[in-house]
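In what follows, every heavy atom counts, from backbone to side chain, and hydrogens, waters and symmetry copies are set aside. Quick note on labels: first sequence line is chain A, next is B, and so on, each numbered from 1.
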Amino acid sequence: MPPLLAVTDLRLAYRAEGRTIPAVDGVSFTIKGKGEALGVVGESGSGKSSLANALIRLLPKNSAEFSGSIRLDGQELTVLSDEQFRRQIRWRRIAMVFQGAMNVLNPVLRIGDQIAEPMLLDRAISKRAGRARAEELLERVGLGAAFAGRYPHELSGGQKQRAVIATALALSPDLLILDEPTSALDVSVQAQIMDLLKGLKADPGISMIFITHDIALASDICDTIAVAYAGEHVELGPAERVLPAPRHPYTALLLESLPRLRGETPPLPMPGSPPDPAALPHGCRFHPRCPLRFEACDDHPPAIPLADGGNARCWLNDPAVADGRQLVLPARDTAARA
Amino acid sequence: MLVELDDVSVVFRTRTGLFRTGEVRAVRGVSLAVARGETLALVGESGSGKTTVGRVSLRLLEPTGGRICFDGRDISRTPEAALGWLRQRAQIVFQDPFSSLNPYMRVGELVAEPLVIDGVPKGERWDRVARALAAVELGPAARWAERYPSAMSGGQRQRVGIARALVRDPVYVVADEPVSMIDASSRIGILTLLRRLQRERGVAFLAITHDIASARHFSDRIAVMEQGRVVELGPSGAIVDRPRHPYTRALIAAVPEPDPANRFKRRAVRAEAAPAGTPVLDSCPHGGDPGAAPVLLPAPGDPGHVVACHR
Ligand SMILES: Nc1ncnc2c1ncn2[C@@H]1O[C@H](COP(=O)(O)OP(=O)(O)OP(=O)(O)O)[C@@H](O)[C@H]1O
Ligand code: SF4
Ligand SMILES: [Mg+2]
C-alpha cells in the first residue's frame with residue numbers, strides 16, 4: 001500500500017524586490033498512514049508555513065518556483081489543475097488550521113454558520129444538514145452544540161481555536177495541517193488543545209502535520225520530527241530518537257534551549273541569528289552558527305541517511321568525512337547559571 | 001524590600017449592558033514583596049490578574065484597597081503629578097514586539113524618547129542610548145540606532161523595548177510577557193539577557209509569565225496567581241519540585257516536556273478537580289469553609305514556601 005503522503009524534493013521559492021527566496025528547498029518526507037503525526041519544527045522564517053501553503057496549494061502571488069512531487073495515497077497531486085485540486089483535495093482530503101486563524105474568525109457570523117460554510121460552498125449538503133453537522137463537530141471538539149449560535153467575540157482564545165479546528169474537520173479530511181495552533185494560547189489552554197488533537201489522532205485516526213517553533217510541544221504529539229532550517233529540513237527521524245540523540249547540531253542546540261521543568265540545568269540561548277533568506281550562506285547553511293563546523297562544511301551537505309530511516313544534513317553523519325569527529329556540543333557559560 | 005504590596009485589591013467596573021454595570025475583582029487581597037536585585041516571577045493563566053498586579057505595583061493603576069510601598073514610601077494614593085521620581089526609577093517592558101513600538105521611528109529615537117521626556121540635555125542623550133543598546137546586545141550601537149523596527153526580527157524588537165526601559169537606569173522593572181508568537185529559542189535569549197541585567201546592574205524584576213518552566217530557571221522566587229489571589233509563593237525550585245496547591249500542580253502538568261512518551265498521555269489537569277473549600281494544608285483554620293478567604297501559611301518543612309490554606 002502506498003503511504004498516505006509522500007513528498008519528494010519539494011521546492012517553493014518567492015520573488016521579492018528582485019531577489020529570490022527559497023522558502024522550501026528540496027524537502028522530502030512521508031506520512032505512512034492513519035493517525036500518524038509529523039512535526040515540523042524550526043525558528044521564524046525557516047519555511048514552515050511555506051511548506052504548509054505548498055501542500056494545500058494556496059500559494060502567494062509572488063511564488064516563483066513550485067516543483068517536486070506530492071503523492072496522496074499514491075496519486076500525484078502536482079499534476080492536478082487548480083480547479084481539480086480545489087474540488088477533490090483541499091478541505092476534503094487535506095485540511096488546514098492556519099497560523100493565527102483564531103484571530104480572523106468572521107466577527108459577524110455565528111460559529112455554527114462558519115463551520116458549515118465550506119460544506120455549503122461545496123453544495124455537498126443542505127442548509128439543515130450543514131447545521132446538524134456543525135453541531136456534531138462542535139461536540140467533537142469539546143465545545144457543545146450550544147456554541148453554534150454564538151459569535152466569535154463571545155469565545156475565549158481556547159474556545160475560538162476549538163471552533164477553528166471544528167471548521168477544518170467539516171469535510172472529514174485524512175490529513176490535517178496545523179500551523180502554530182497553540183502559540184497564542186497560555187500553557188494551560190495549550191495543554192487542553194493538545195489533548196483534543198491527541199484524541200482526533202487516535203479516533204478517527206486523523207494524520208497530522210504539526211508546525212511549531214517549540215520542539216518540546218512537537219514531541220507532545222508527533223511520531224516523527226522534521227527540523228527546518230533556512231528552507232531545508234536538516235534532520236528527520238522518529239521522535240523517540242531525535243529528542244534523546246539528535247544527529248544535527250541545530251537540533252541539539254534547540255534541545256539545549258528548552259527550559260526543563262526538572263533539574264537545575266538552565267536553558268541556553270541559540271547562538272547567532274537566522275540567515276538572510278535571499279543570501280544564504282554557502283556550504284552548510286548552518287555553518288555561521290555551528291560550534292562544530294570544520295573544513296568539510298564549505299560543501300553543502302546532502303541529506304545523509306540514518307539507520308532509523310531518517311536523515312540529517314550534517315557532515316558529522318558521514319564517517320568518511322567526519323574523520324572521528326563526534327556530535328558533542330561544547331560546554332557554555334551562561335548568565336542564568338550560578 | 002524595594003516594592004511591597006500589602007493586602008492589595010483592584011476592582012474594575014464594567015458595563016455589561018446598556019444600564020447594568022458589573023464588577024471584576026481582578027486582584028483580591030494580594031501581599032507580595034520584591035527585594036532589591038531580585039527576580040520574582042508571577043505565573044498564572046491569562047486572566048488570573050498578573051498584569052494588573054504588575055501595573056498596580058507601578059501605580060499605573062490606583063488600588064481599590066490595600067497599601068503599596070516603593071523604597072519605604074507609601075505610594076498607594078499619591079497623585080500622578082507627585083510620582084515623577086517613581087516614573088524614573090521603575091519601568092515596564094511590554095514584550096509584545098509587534099504593537100508596542102512606533103514603526104516610523106528609528107531605534108535611536110525610540111530609545112532616546114524617555115530621555116527627551118525627562119528633559120535630559122541633548123549632549124548627554126547619545127551616550128546613554130549607546131549604553132542601553134549595548135546592554136541589550138544590539139551593537140554596534142551607531143548602526144542599530146539607524147534602523148527601523150519594521151526591518152527587525154521579533155527578538156530584536158523586544159531588545160529595543162528593553163533598551164527603552166533601561167535607558168532611565170531603573171531599579172525596578174516589570175517585564176510583562178504575554179503569550180506571543182516569538183520563537184521559543186529567541187525567547188530564551190531574552191530571558192537570559194534579563195537575568196544578566198538583574199545580576200550585573202542589580203535591577204529588581206517582576207517577571208510576568210504563564211510558563212512556570214522558564215520561571216524556574218530565570219527567577220529567584222515564584223508567586224502563583226489564580227483568580228486574583230496568590231495561592232502559592234516560594235523559592236523557584238521549591239515551587240516546581242514540591243508544589244502544594246492543586247492549581248500550581250495543574251500549571252506544572254501543562255508544561256510540554258521534550259518526552260515522546262507524553263504523546264500517549266492526556267496532560268491537561270483541571271485544578272477545579274479540587275472544589276472550593278478543599279483544604280490544602282492540614283493546618284487550614286477554616287475547616288473546609290469555601291466562604292472563608294484562604295490565607296497563606298508556611299508549607300511544613302520548606303522554608304520560605306507559603307501556600308493558600310484551602311481552595
Ligand atoms: N509572500 C512572500 N514573499 C516573499 N517572501 C516570503 C513570503 N512569505 C514568506 N516569505 C519569506 O519566506 C521565508 C519562509 O517564510 P515562512 O512564513 O514559511 O516561515 P515560517 O517558518 O512559517 O516562520 P514563522 O515561524 O515566523 O511563522 C521567510 O524568509 C519569509 O520572510
Ligand atoms: S555540516 Fe558542519 S557546519 Fe553544518 S551542521 Fe554539520 S558540523 Fe555544523
Ligand atoms: Mg509560519
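- Within the 4.5 Å cutoff, the side chain of B/Ile212 has heavy atoms near those of the A/Leu261 side chain.
- Not a single donor-acceptor pair under 3.5 Å links the side chain of A/Lys198 to the backbone N or O of B/Phe264.
- Heavy-atom pairs under 4.5 Å with chain B peak, among A/Met270, A/Arg262, A/Gln190, A/Met194, at A/Arg262.
- Listed in order of number, the residues of residues 217-244 of chain A that approach chain B to under 4.5 Å between heavy atoms are A/Leu217, A/Ser219, A/Asp220, A/Ile221, A/Cys222, A/Asp223, A/Ala239, A/Glu240, A/Leu243.
- Contact annotation for residues 246-262 of chain B against chain A (heavy-atom separation below 4.5 Å, listed by residue number): B/Leu251, B/Ile252, B/Ala254, B/Val255, B/Pro256, B/Glu257, B/Pro258, B/Asp259, B/Pro260, B/Asn262.
- Of the charged side-chain nitrogens involved, none lies within less than 4.0 Å of a carboxylate oxygen, so that A/Asp195 and B/Lys265 do not count as a salt-bridged pair.
- Remark: B/Ile188 CD1 to A/Leu254 CG distance equals 11.5 Å, nearest 0.5 Å.
- For B/Arg216, the part sitting under 4.5 Å from any heavy atom of chain A is the side chain, from C-beta outward, and nothing else.
- With values rounded to the nearest 0.5 angstrom, B/Thr192 atom OG1 is found 7.5 Å from A/Leu268 atom CG.
- Judged by distance alone, the side chain of B/His217 and the main-chain N or O of A/Pro267 form no donor-acceptor pair under 3.5 Å.
- For A/Arg260, the CZ atom sits in a packed shell: over 12 heavy atoms of surrounding residues, nucleotides or ligands are nearer than 6.0 Å.
- Annotation: side-chain hydrogen bond (donor to acceptor under 3.5 Å, both in side chains) contacts of A/Ser50 (sequence neighbours excluded): A/Tyr14.
- Neither the backbone nor the side chain of A/Glu256 comes within contact range of chain B; no heavy atom of the residue lies under 4.5 Å from a heavy atom of that chain.
- Counting all heavy atoms, side chain and backbone alike, B/Gly189 lies closest to A/Pro269 at CA-CB, 3.7 Å.
- With hydrogens and angles disregarded, no donor-acceptor distance shorter than 3.5 Å links the side chain of A/Asp214 to the backbone of B/Ala184.
- The CD atom of B/Gln156 sits 6.5 Å away from atom OG of A/Ser273, with the distance rounded to the nearest 0.5 Å.
- Between B/Glu45 and A/Ser188, the shortest heavy-atom contact is CG-OG, 3.1 Å.
- Under the rule for a side-chain hydrogen bond (donor to acceptor under 3.5 Å, both in side chains), A/Asn311 has no partner lying at least two apart in sequence or in another chain.
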